[in-house]
Every structure is written in structure tokens, then in C-alpha cells.
Amino acid sequence: MPSGRALAHVPASNPPSPTRRVDLKTKLLTGFVVCTNVLGNFSMSWGMKHQNAVLGLSPIAYIRLIFTPWVLLGTALLILWLLSRMTLLGWADLSYVLPATSIGYVLSAVLGKVFFGEQVTWERWLGTGFIVIGIVCVGLTAANTTKRETAG
Amino acid sequence: MKWLMVAIIVGSTVLADLLQSYEMKRHVVAVEDLRPGRLGGLLRGLARRGPLVVAVFFMAISFFAFMKLLSVADLSFAVPVTAASVALETLLARLVLREKVGALRWAGALSVACGVALLAM
């Protein structure tokens, strides 16, 4: 009869534990939140820059602008961002979500440089470095410290 | 006017995030609910939750106050202010939401706050 220790042996090919699966889903959703935010803001910015619309106090100009393709895409992406971020806040700590999703600041700066030709100074590169270090630090901690790991 | 807008932005952002985090942990959304066919139902379900409606209201206040701030101050001043809310929210997550914020997470949050401030320069 095998001993308890032998039964406890877990082969490397075993499926990941529920906690690991939840952790992976949380990280994937974090990536989705970042992507929808960055692409949503980029679409909005692209649409605004290419419309050359003069926005005054009249709401008609704003409504007309919303129904242009890029701004409409940006709005849809930002609605997705809001929904996915709310879901993520149910799965992970607020103190985890805030720093972990701040890579969006860096990606927005990169998109701004590539597509809009914006200047990236050494202060911005230093800031990027600080953000990456912060994300690595937070990524090493448990995503949910208040229990209830129900990511589906 | 400038510092009043800063207070409104930071205060409403913090309240919106705390309310969202609190409410979403009471009724967790499953990953299946994020499928494209179920997004409408998810949106309707979330719109019926009082704390989330209040949170969206605070987000709107924060957005319009930010627009106002941009009209009276530089972007290089306005963006670092939002970075300050990361540190404040981490503190309140520890005190109000009872999250376990260890030294590593504190270091990460402060590093991100410094990084965002530098990005705005």
C-alpha cells in the first residue's frame, strides 16, 4: 500500500490548481483592461485630431463627433474598459489593480510618439522605468488579499 | 480655483474606486459574463447596483473637474495630481477595504506614482 507521502506526489503534467487558474485569469483580465483603455484613448484622440471640429457650448457638435468612426470605436472600447475594470476590481485588490494597470500610461506615451510624433524626453523614460519597477513589485504580490477567489 | 479642482478630482476618484471595489467584491462577475453576447445583460445588471451608479456619478464629476482644471492649469500640473491619488487610494484600501498592503506593494504603488509624475513632465 502506498504511503501518504507517495500519494501526495504531484506529477508535473497535472492541471494547474484553482488558485493558479484564478491568478492567470486575473492577469489576463488586467491585460485586457490595459488594452481597452490605451486603444480607446488612442481612437478618441485620433478621431478628435482628424476631425478638426470646433467644439463650443452647443451639444450638437459633440453628438455629431461621437458618431464619427474613430470616436465611436473609442467610446465602445472605453465602455468595455469600464466593464472589465469593474469586473477586475471584484477579482483583485484595489491596491493591486491601480499600479498593475498603470502600464497604460507608458503605452499611451509610446503610441503618442509613434503615431502623433510627440517628444519623449529623458524624464519620461525615467518615469517609464519607475512605472515598470512598480508594476513588477506589485505583480509579485497576491492579487486578492481579502479572500473570495471567484473568477469564474 | 486650481486647488479646489484638485481636491474635487482626487476626492471623487478615490470615492469612485473605493465604491467600485467594495461593491464588485460583494457580487463577483464570472468570466463567462464577459462574453460578447452577455455584455448587454452585464451592463444592465451593473446599472441596477446603487453603489456602482454612485461610483459612475463620482467618475463623471472627476472627469468634468479634470476638464475644468485643464482650462486653468497646465497638463504637466494636472496629470501628476492623478498620480497622487494612487498613493492615497492604496492607503484607503488598507484602512477601509482591509486589504493587506505589504512593503512590496507599497514600494510598487509609490514607484508608479513617481513614474506617472515624471511622465507628465
Side-chain angles (χ1 to χ4, degrees), chain A residues 21-22 25-26 28-29 32 76 79-80 82-106 108-109 112 120-142 144-152, chain B residues 14 17-34 36 39 42-43 46 49 52 55-56 59 76 79-80 82-83 85-94 96-121:
Chain A
R21 216 167 49 228
V22 167
K25 282 179 182 174
T26 303
L28 285 175
L29 186 62
F32 185 76
I79 290 172
L80 267 181
L82 184 70
L83 286 176
S84 55
R85 187 175 183 269
M86 279 184 175
T87 304
L88 182 61
L89 283 170
W91 295 1
D93 291 349
L94 176 63
S95 58
Y96 174 91
V97 172
L98 288 173
T101 55
S102 58
I103 189 75
Y105 288 106
V106 177
S108 293
V120 181
T121 58
W122 69 268
E123 288 98 337
R124 285 193 175 181
W125 287 120
L126 187 63
T128 302
F130 268 107
I131 290 174
V132 171
I133 290 168
I135 291 164
V136 170
C137 287
V138 172
L140 291 172
T141 64
N144 190 346
T145 61
T146 53
K147 272 292 90 183
R148 195 183 278 232
E149 293 172 338
T150 325
Chain B
V14 167
D17 281 346
L18 286 177
L19 279 167
Q20 283 182 75
S21 187
Y22 167 77
E23 178 61 18
M24 293 309 291
K25 281 191 182 66
R26 284 179 63 218
H27 305 285
V28 178
V29 173
V31 73
E32 290 79 18
D33 294 329
L34 293 174
L39 281 179
L42 175 63
L43 197 58
L46 293 177
R49 295 202 212 165
L52 293 183
V56 171
M59 284 168 81
S76 57
V79 176
T82 63
S85 72
V86 173
L88 182 62
E89 285 187 52
T90 305
L91 179 67
L92 289 174
R94 166 85 181 80
V96 180
L97 300 174
R98 304 281 176 207
E99 291 176 6
K100 292 185 183 73
V101 184
L104 199 56
R105 193 173 284 186
W106 266 119
L110 293 175
S111 181
V112 164
C114 291
V116 176
L118 279 166
L119 272 190
M121 284 185 178

J.: Measure across B:Ser111 and A:Phe130 and return the closest heavy-atom pair with its distance rounded to 0.1 Å.
T.: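 Of all heavy-atom pairs spanning B:Ser111 and A:Phe130, the closest is OG-O, 2.6 Å.
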J.: Quick check: do B:Val56 and A:Met86 have side-chain heavy atoms less than 4.5 Å from each other?
T.: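 The answer is yes, as the side chains (C-beta and beyond) meet within the 4.5 Å cut-off.
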J.: Given that the side chain runs from C-beta out, which part of A:Ala100 has a heavy atom under 4.5 Å from chain B: side chain, backbone, both or neither?
T.: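 No part of it gets close to chain B.
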J.: Quick check for you: to the nearest 0.5 Å, what is the distance between A:Leu82 atom CG and B:Leu43 atom CG?
T.: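 If I round to the nearest 0.5 Å, the distance is 8.0 Å.
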J.: Can you tell me which portion of A:Leu80 sits under 4.5 Å from chain B's heavy atoms? Options are side chain, backbone, both or neither.
T.: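 When you check distances to chain B, only side chain atoms of A:Leu80 fall under 4.5 Å.
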J.: In a check of side chain to side chain contact (heavy atoms under 4.5 Å, CB included) between A:Leu94 and each of B:Val101, B:Asp17, B:Val14, which one passes?
T.: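 Only one of B:Val101, B:Asp17, B:Val14 forms a side chain to side chain contact (heavy atoms under 4.5 Å, CB included) with A:Leu94, namely B:Asp17.
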J.: Of the backbone (N, CA, C, O) and the side chain (C-beta and beyond), which part of A:Leu88 lies under 4.5 Å from a heavy atom of chain B, both, or neither?
T.: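 Neither part; nothing is under 4.5 Å.
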J.: Let me know which of B:Lys100, B:Arg105, B:Arg94 forms a salt bridge (charged side-chain N to carboxylate O under 4.0 Å, His left out) with A:Asp93.
T.: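 By the salt bridge (charged side-chain N to carboxylate O under 4.0 Å, His left out) criterion, A:Asp93 pairs with just one of B:Lys100, B:Arg105, B:Arg94: B:Arg105.
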J.: What part of B:Leu97 gets within 4.5 angstrom of chain A, counting heavy atoms only: side chain, backbone, both, or neither?
T.: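 For B:Leu97, the contact with chain A is made by backbone and side chain together.
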J.: Which atoms form the tightest heavy-atom contact between B:Lys25 and A:Gly90, and what is the distance?
T.: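 Closest pair (atom of B:Lys25, atom of A:Gly90, distance): CG-O, 3.7 Å.
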J.: Measure A:Tyr96 against the heavy atoms of chain B and call it side chain, backbone, both or neither at under 4.5 Å.
T.: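 For A:Tyr96, heavy atoms of backbone and side chain both lie under 4.5 Å from chain B.
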J.: Of all of B:Arg98, B:Glu23, B:Glu89, which one pairs up most often with chain A through heavy atoms under 4.5 Å apart?
T.: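 Looking at each of B:Arg98, B:Glu23, B:Glu89 in turn, B:Glu89 comes out on top.
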J.: Look up atom OG in A:Ser95 and atom CH2 in B:Trp106, then write down how far apart they are to the nearest 0.5 Å.
T.: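 Those atoms lie 8.5 Å apart.
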J.: Using every non-hydrogen atom in the two residues, find where B:Val112 and A:Pro99 come nearest and quote the distance to one decimal.
T.: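 That would be CG2-CB, 3.9 Å.
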J.: When only pairs under 4.5 Å are counted, which of A:Ser84, A:Gly127, A:Ser102 shares the most heavy-atom pairs with chain B?
T.: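 Of the candidates given, the most pairs with chain B belong to A:Gly127.
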J.: Determine whether a donor-acceptor pair (N or O, by modelled atom type, separation under 3.5 Å) exists between the side chain of B:Gln20 and the backbone of A:Leu89.
T.: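 Checking the backbone N and O of A:Leu89 against the side chain of B:Gln20, no donor-acceptor pair under 3.5 Å is found.
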J.: What are the two closest heavy atoms between B:Val86 and A:Leu98, and how far apart are they?
T.: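 Scanning both residues, the minimum pair turns out to be O-CD1, 4.3 Å.
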